[in-house]
K.L.:
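This is the structure I want to talk about, given as structure tokens.
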Amino acid sequence: MDSENRGFATMNAEGASGGTLQPGMTEEETLEVQLELIKIEDEILTLRQVLNAKERHAADLRRRLGINPLSEFKQNITKGWQDVQSSNAYLTASATLEDISRSDAYKKTQETFSQAGQVTSSAFSTMSSAIKSRLGELRNSSTFKSFEDKMTKAMPGKSNADTPPPPGNNSTL
């Protein structure tokens with residue numbers, strides 16, 4: 001027991017003999033209870049010391065076996081998942097989902113979503129091609145080329161000689 005706790009219990013025992021008693025207790029009873037408290041506190045301290053020594057020994061054994069916190073965590077997760085998979089709730093839910101996946105309604109829904117996905121993919125592909133074509137036309141337009149030339153001339157520190165001609169422009173400078 002550390003000296004602080006022992007001092008507190010001893011001070012209480014001395015204080016009891018000095019005159020202040022708990023209601024309904026004699027001085028002897030108070031002293032007896034306080035001595036028992038000191039004994040229990042000493043036992044608690046001893047048990048803490050033994051527990052700490054056992055924990056250090058267990059950690060040393062784990063280290064010698066190559067068991068680290070991460071591997072323990074992995075083992076706990078694996079064991080937990082195995083427990084879940086063998087539980088009645090999981091088995092029931094798994095069987096229900098299997099029954100659903102075999103149902104005609106599920107198959108029809110899956111087929112419908114598959115077709116919708118194909119149609120959507122085709123639509124996006126067509127739209128992408130149209131946008132790409134339109135942007136190509138826009139880039140080759142005289143308006144865009146005029147705007148591009150003006151922007152190039154307006155950029156500080158660059159001359160037209162430093163700037164390569166825009167794509168599609170076959171003229172040389």
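Keep in mind the model is a prediction, meaning the values are calculated, not measured.
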K.L.:
Could you list the cluster mates of Leu47? Members are the ILVMFWY residues connected by side-chain heavy atoms closer than 4.5 Å, either directly or through other members.
P.N.:
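Traced through the cluster, Leu47 reaches no other member.
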K.L.:
The criterion is side chain to side chain contact (heavy atoms under 4.5 Å, CB included); which residues satisfy it with Met151, sequence neighbours excluded?
P.N.:
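By the side chain to side chain contact (heavy atoms under 4.5 Å, CB included) rule, Met151 matches Phe147.
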K.L.:
What residues form a side chain to side chain contact (heavy atoms under 4.5 Å, CB included) with Glu36, not counting sequence neighbours?
P.N.:
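Expected list: Ile40.
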K.L.:
Donor-acceptor pairs are to be reported for all side-chain atoms of residues 107-118 against protein atoms at under 3.5 Å, with residues two or more places apart or in another chain.
P.N.:
from: Thr109; atom 1: OG1; to: Ala105; atom 2: O; distance (Å): 2.8
from: Thr112; atom 1: OG1; to: Lys108; atom 2: O; distance (Å): 2.8

K.L.:
Could you give the side-chain donor-acceptor pairs of residues 71-81 under 3.5 Å, partners two or more places apart or in another chain?
P.N.:
from: Ser71; atom 1: OG; to: Asn68; atom 2: N; distance (Å): 3.0
from: Ser71; atom 1: OG; to: Asn68; atom 2: O; distance (Å): 2.9
from: Ser71; atom 1: OG; to: Asn68; atom 2: OD1; distance (Å): 3.2
from: Glu72; atom 1: OE2; to: Arg62; atom 2: NE; distance (Å): 3.4
from: Asn76; atom 1: ND2; to: Glu72; atom 2: O; distance (Å): 3.4
from: Thr78; atom 1: OG1; to: Lys74; atom 2: O; distance (Å): 2.9
from: Lys79; atom 1: NZ; to: Asp83; atom 2: OD1; distance (Å): 3.2
from: Lys79; atom 1: NZ; to: Asp83; atom 2: OD2; distance (Å): 3.4
from: Trp81; atom 1: NE1; to: Gln85; atom 2: OE1; distance (Å): 3.4

K.L.:
Which pairs count as side chain to side chain donor-acceptor pair (under 3.5 Å) when at least one residue sits in residues 86-102, sequence neighbours excluded?
P.N.:
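Only Glu98-Arg102 qualify under side chain to side chain donor-acceptor pair (under 3.5 Å).
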K.L.:
List for me each residue that meets side chain to side chain contact (heavy atoms under 4.5 Å, CB included) alongside Glu29, sequence neighbours excluded, and say none if there are none.
P.N.:
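Side chain to side chain contact (heavy atoms under 4.5 Å, CB included) list for Glu29, sorted by chain: Met25, Thr26.
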K.L.:
I'd like to know whether Leu61 forms a side chain to side chain contact (heavy atoms under 4.5 Å, CB included) with Arg64, so could you lay out the CA-CA distance, the side-chain angles of the two residues, the decisive distance to 0.1 Å, and finally the verdict.
P.N.:
CA-CA 5 Å; Leu61 292 174; Arg64 289 174 56 194; 4.1 Å; yes
K.L.:
Using a 3.5 Å cut-off and no angle test, enumerate the donor-acceptor pairs between side-chain atoms of residues 52-59 and protein atoms at least two apart in sequence or in another chain.
P.N.:
from: Asn52; atom 1: ND2; to: Arg48; atom 2: O; distance (Å): 3.4

K.L.:
Cluster partners of Leu65, using ILVMFWY side-chain heavy atoms under 4.5 angstrom, listed by chain and number?
P.N.:
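Leu65 shares its hydrophobic cluster with Ile67.
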K.L.:
Enumerate the residue pairs fulfilling side chain to side chain donor-acceptor pair (under 3.5 Å) with a member in residues 122-136, sequence neighbours excluded, ordered by first and then second residue.
P.N.:
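Applying side chain to side chain donor-acceptor pair (under 3.5 Å) to every pair that reaches into residues 122-136, excluding sequence neighbours, yields Arg134-Glu137.
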K.L.:
Grouping I, L, V, M, F, W and Y whenever their side-chain heavy atoms are under 4.5 Å apart, do Ile131 and Phe124 come out in a common cluster?
P.N.:
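They do share one cluster, since a chain of ILVMFWY contacts under 4.5 Å joins Ile131 to Phe124.
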K.L.:
Output the distance between atom CZ (Phe144) and atom CG (Leu138), rounded to the nearest 0.5 Å.
P.N.:
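Interatomic distance, Phe144 CZ to Leu138 CG, rounded to 0.5 Å: 6.5 Å.
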K.L.:
Begin with the C-alpha distance, continue with both residues' side-chain angles, and end with the deciding distance and a verdict on side chain to side chain contact (heavy atoms under 4.5 Å, CB included) for Ser146 and Lys150.
P.N.:
CA-CA 6 Å; Ser146 172; Lys150 288 178 185 176; 3.8 Å; yes
K.L.:
Please, which pairs that meet ring pair (Phe, Tyr, Trp, His ring centres under 6.0 Å) have at least one residue in residues 32-56, sequence neighbours excluded?
P.N.:
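Not a single pair qualifies under ring pair (Phe, Tyr, Trp, His ring centres under 6.0 Å).
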K.L.:
So, taking the atom named CG in Leu35 and the one named CD in Glu32, what distance separates them when rounded to the nearest 0.5 Å?
P.N.:
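Reported to 0.5 Å precision, the distance equals 8.0 Å.
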K.L.:
Taking salt bridge (charged side-chain N to carboxylate O under 4.0 Å, His left out) as the definition, give me every residue that meets it alongside Asp60, ordered by chain and number, with sequence neighbours left out.
P.N.:
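Salt bridge (charged side-chain N to carboxylate O under 4.0 Å, His left out) check on Asp60 returns Arg63.
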